[in-house]
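No hydrogens, no waters, no symmetry mates; every other heavy atom, side chains included, goes into these values. Predicted model, so just to flag it, every value in this text is computed and none were measured. Naming convention: chains lettered A, B, ... in sequence-line order (proteins, then strands); numbering from 1 in each chain.
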Number of protein chains: 2
Amino acid sequence: MSMTERTSRRERLRRATVAEIHAAVRGLLVEKGPAAVTINAVARQVGMSGPALYHYYASHEELVGAVTADFFRELATAMEQACAARADAPVGERILAACRAMRAWAISHPAEFGWIFASPITPSNRRPDSVRHQAAQRFERVLLDLTVELWQTRPFPVPGLADLPASLREQLTAYSATIDGRLPPEAAHVFLSCWTRLYGLLCMEVLHQLDFAYSDLEPVYEECLRDLALTLGLDHPGR
Amino acid sequence: MSMTERTSRRERLRRATVAEIHAAVRGLLVEKGPAAVTINAVARQVGMSGPALYHYYASHEELVGAVTADFFRELATAMEQACAARADAPVGERILAACRAMRAWAISHPAEFGWIFASPITPSNRRPDSVRHQAAQRFERVLLDLTVELWQTRPFPVPGLADLPASLREQLTAYSATIDGRLPPEAAHVFLSCWTRLYGLLCMEVLHQLDFAYSDLEPVYEECLRDLALTLGLDHPGR
DNA sequence: TAGGTTTGCTTAGAGGTATTAAGTAGACCT
DNA sequence: AGGTCTACTTAATACCTCTAAGCAAACCTA
């Protein structure tokens, strides 16, 4: 009986409080914008007074990083679920589903998605062991894993490694190593190109850098997906 | 004699002070990061005390917007100069020069370029009559004007308007109108696609969203330019 | 079950921020 | 010469992050 509860009562309480804090942060972010997410305001929201929060986080920055990590995880989960819902479909279809899920989450959570980008990644949050970095990496892996599966089951056309500039070749080789060689440098190049276009488009939409021309980027995103499907040699992308 | 000096002594002094303030802001931004750009710190730098700055700007936000506008203007000028240096070259070559100048400025002024994006565009700075918006528009026009010239002298291939989704067609038609029809909707679509890819890539580089894979995006950018040249039907893009 | 430790909070306070208000010295113009 | 405008000043408000010190209750252990 006592053995089954691995988490002590204390720890459960702590977790609950942490969850409440994160919810307060998110609420403030969504309702009053990033600037409203102050230690004091968050503390007030959860019914404690200011400095109490320092028992949970060492600094404002760490709190922000932790919540940002939440958002990354939630986004990654949304993408994974979109895939899981089509577990039997061909990889190509699941890739498109994941990409659409990414934008769907971004659109329905603009404040959260905006925070992921716009909040300057402070040096401490760029450390590989930071919670934020871990969560960001998991997010990135969703599409990477799918692309690896595609590469293994139905390889897409890639440029000759010799055709790439030397500097790029080196960088791609290094990156290929960091993903344990699951994609060779040439394939990594194609993957990164697709990733960059898609993510970049979303990034600009969220940062309102395209407002001067577009009011709704859905068709633009879909066109980008068609292009991506062509590059990866997928069957008809739907829509 | 008195007629020739359109600007009174007073106004000249004011301009000098404003320039000094902007220089102080920039210095703080570059040396200590965006968070160090506070009203007080800026005032200290120029040798006045805090609230004095409110005689020049109504708020911290307005000051930030004004300096951001400076950056946009400087960036636009750098691109224009790159074109002017090749005034006799074909449009295609000038387009590529402008694009390269854009990245060159971004790389040599990372703090400034980062601020252009990362600083959340507050509602007041999104108003069409804000200094920031004006300067941003001038920046956007550099490549637009070049593309218009290309379109008029050597039209590039465009998709059929009927092939585009209705929603996109409407948006493109509206945008075409805002640029006085200098590009028809189909051509505007191609222009915006190129613009989005290029600007998005730079945006992600500056926001450190690609650090996980690349250490130097120069070859990636050049590849993007080759793609762009192909899309616009330019001759060999060089490099 | 008693004692010490850990946890979660409190208030007080230092030093910073943006911004407003009120007052003053001097330049400018009539 | 007198009034207005400009550029600044200091004082004050209300907020911010974060540190320090202290207290009560929960927990663990002897």
Peer 1: Base, sugar-phosphate, or nothing for B:Y56, non-hydrogen atoms under 4.0 angstrom?
Peer 2: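 Contact class for B:Y56: sugar-phosphate only.
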
Peer 1: From NE2 of A:H60 over to P of C:dT17, roughly how many Å is that when rounded to an integer?
Peer 2: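 Value for this atom pair: 16 Å.
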
Peer 1: Nearest heavy atom decides the nucleotide; on that basis, is B:P51 or A:G50 closer to the 5' end of DNA chain C?
Peer 2: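 Final value for this comparison: A:G50.
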
Peer 1: For the side chain of B:S49, counting heavy atoms from C-beta on, which of D:dC18, C:dT19, D:dT9 is nearest?
Peer 2: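 Output: D:dT9.
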
Peer 1: Can you find a side chain N or O atom of A:R44 that sits less than 4.0 Å from OP1 or OP2 on D:dC15?
Peer 2: no

Peer 1: Tell me what B:H55 touches on the nucleic acid: a base, only sugar-phosphate, or nothing, going by heavy atoms under 4.0 Å.
Peer 2: base

Peer 1: What is the ring orientation for A:W195 with B:F212, classed by angle as parallel under 30°, tilted 30 to 60°, or perpendicular over 60°?
Peer 2: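 Because their plane-to-plane angle is over 60°, the rings of A:W195 and B:F212 count as perpendicular.
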
Peer 1: Under 4.0 Å between a side-chain nitrogen and a carboxylate oxygen: does that hold for B:E80 and B:R138?
Peer 2: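 Here B:E80 pairs with B:R138 in a salt bridge, since their nearest N and O are under 4.0 Å apart.
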
Peer 1: Nearest-Å distance, CD1 (A:I39) to C1' (D:dC16)?
Peer 2: 10 Å

Peer 1: Check each residue of residues 16-28 of chain A for a non-hydrogen atom within less than 4.0 Å of any atom in DNA chain D, then write out the ones that pass by number, or none.
Peer 2: none

Peer 1: Write down the distance between CG (A:N40) and P (C:dT17), rounded to a whole number of angstrom.
Peer 2: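 Distance, rounded to whole Å: 17 Å.
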
Peer 1: With nearest nucleotide decided by heavy atoms, which residue, A:L53 or B:A41, maps closer to the 5′ end of DNA chain C?
Peer 2: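 This one resolves to A:L53.
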
Peer 1: Among B:V64, B:T68, B:V67, find the residue that satisfies the side chain to side chain contact (heavy atoms under 4.5 Å, CB included) test when tested with B:R132.
Peer 2: B:T68

Peer 1: Taking side chain as C-beta onward, heavy atoms only, is B:R26 less than 4.5 Å from B:D70?
Peer 2: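 With C-beta onward as the side chain, the pair stays apart.
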
Peer 1: Whole-Å distance between C:dT19 C1' and B:Y57 OH?
Peer 2: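 Going from B:Y57 (OH) to C:dT19 (C1'), I get 17 Å.
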
Peer 1: Please state how far atom CD in B:E11 lies from atom P in C:dC29, giving the value in whole angstrom units.
Peer 2: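 The distance from CD of B:E11 to P of C:dC29 comes to 12 Å, rounded to the nearest Å.
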
Peer 1: D:dA26 phosphate, OP1 or OP2: any side-chain N/O from A:R14 under 4.0 angstrom?
Peer 2: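 For A:R14, the contact criterion (side-chain N or O under 4.0 Å from OP1 or OP2 of D:dA26) is not met.
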
Peer 1: Compare the minimum distances between each of C:dC9, C:dT19, D:dC8 and the side chain of A:M48, then state the nucleotide with the smallest one.
Peer 2: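 Of C:dC9, C:dT19, D:dC8, C:dC9 is nearest to the side chain of A:M48.
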
Peer 1: Working to the nearest 0.5 Å, report the span between CD of A:E74 and CE of A:M79.
Peer 2: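 Atom-to-atom, A:E74:CD and A:M79:CE are 13.5 Å apart.
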
Peer 1: May I ask you to evaluate whether B:T38 reaches the phosphate of C:dT17, defined as a side-chain N or O under 4.0 Å from OP1 or OP2?
Peer 2: yes

Peer 1: Would you mind telling me which of D:dT9, C:dC9, C:dA18 lies closest to the side-chain atoms of B:A52?
Peer 2: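 The answer is D:dT9.
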
Peer 1: Going by the angle between their ring planes, with limits at 30° and 60°, are A:F117 and A:Y199 parallel, tilted or perpendicular?
Peer 2: tilted

Peer 1: Is the ring pair A:F71/A:W115 parallel, tilted or perpendicular, if the boundaries are 30 and 60 degrees?
Peer 2: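 Plane angle between 30° and 60°, so tilted.
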
